[in-house]
Amino acid sequence: QVQLVESGGGLVQPGGSLRLSCAASGDIFKLNAMGWYRQAPGKQRELVARITGGGSTNYADFVKGRFTISRDNAKNTVHLQMNNLKPTDTAVYYCNANILRLAPGDAIHTEYDYWGQGTQVTVSS
């Protein structure tokens, strides 16, 4: 089985910083792209940042220049450094990982998407 464990959320003042971390563990043949999504109450889940296995990054316009996504392949971990936080950044942040694995019933290794439980980020004075 595969599990994503998130950490680093909390309460921060506008202009402050937080660093989110997500570690993947379990039956992983290959860890492909990883990313961070967020969802505010009453709103759709939206992409924040994504990083491929080769290190290429993709950012939403509303975080570009403020957030940085990175990964540590040796630890199967992805990080999101969030600087200059705004009240509009308040949301539950979810870690996502695309994983190549052999699940029960699979004849060959297959790509699956896994999600963390979410971590609350609140930006308020």
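Counting from 1, the numbers follow the sequence of the chain as shown. Nothing here was measured: the structure is a model prediction, and the numbers come from that model.
- Listed by first and then second residue, the salt bridge (charged side-chain N to carboxylate O under 4.0 Å, His left out) pairs that reach into residues 48-71 are Asp61-Lys64, Arg66-Asp89, sequence neighbours excluded.
- Listed by chain and number, the residues in a side chain to side chain contact (heavy atoms under 4.5 Å, CB included) with Thr57 are Ile51, Tyr59, Ile69 (sequence neighbours excluded).
- Counting only residues at least two apart or on different chains, no disulfide bond (SG atoms under 2.5 Å apart) pair has a member in residues 96-125.
- Residues forming a ring-ring contact (aromatic ring centres under 6.0 Å, His included) with Tyr37 (at least two apart in sequence, or on another chain): Trp115.
- Taking every heavy atom of both residues into account, Asn76 and Met34 meet most closely at O-CE, 4.4 Å.
- Annotation: side chain to side chain donor-acceptor pair (under 3.5 Å) contacts of Thr122 (sequence neighbours excluded): Gln120.
- Among pairs with a residue in residues 73-97, none fulfils ring-ring contact (aromatic ring centres under 6.0 Å, His included), at least two apart in sequence or across chains.
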Exercise for the section: Apply side chain to side chain contact (heavy atoms under 4.5 Å, CB included) to Phe67 and Leu85, showing your working. Expected result: CA-CA 9 Å; Phe67 292 6; Leu85 284 161; 3.7 Å; yes

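- When all heavy atoms are compared, the tightest approach of Pro14 to Ser125 is CD-N, 3.7 Å.
- The minimum heavy-atom distance between Gly53 and Asn73, with the atom names listed, is O-ND2, 4.0 Å.
- Applying the salt bridge (charged side-chain N to carboxylate O under 4.0 Å, His left out) test to every pair with at least one member in residues 8-22, sequence neighbours left out, gives no pairs at all.
- Not a single side chain to side chain donor-acceptor pair (under 3.5 Å) links Thr68 to another residue, sequence neighbours left out.
- Applying the disulfide bond (SG atoms under 2.5 Å apart) test to pairs two or more places apart or on separate chains, those with a residue in residues 75-125 are Cys22-Cys95.
- Residues Val63 and Arg38 meet the side-chain proximity criterion, which asks for heavy atoms closer than 4.5 Å.
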Run the side-chain donor-acceptor check on residues 25-32: report pairs under 3.5 Å with partners two or more places apart or on a different chain.
from  : atom 1 : to     : atom 2 : distance (Å)
Asp27 : OD2    : Arg101 : NH2    : 3.3
Asn32 : ND2    : Asn98  : OD1    : 2.9

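- With rounding to the nearest 0.5 Å, the separation of CG in Leu4 from OG1 in Thr77 is 10.0 Å.
- Residue pairs satisfying the salt bridge (charged side-chain N to carboxylate O under 4.0 Å, His left out) criterion with at least one member in residues 105-125, sequence neighbours excluded, are absent.
- Note on residues 45-81: no pairs pass disulfide bond (SG atoms under 2.5 Å apart), not counting sequence neighbours.
- Taking hydrophobic clusters as Ile, Leu, Val, Met, Phe, Trp and Tyr residues chained together by side-chain heavy-atom distances below 4.5 Å, Val12 shares a cluster with Phe62.
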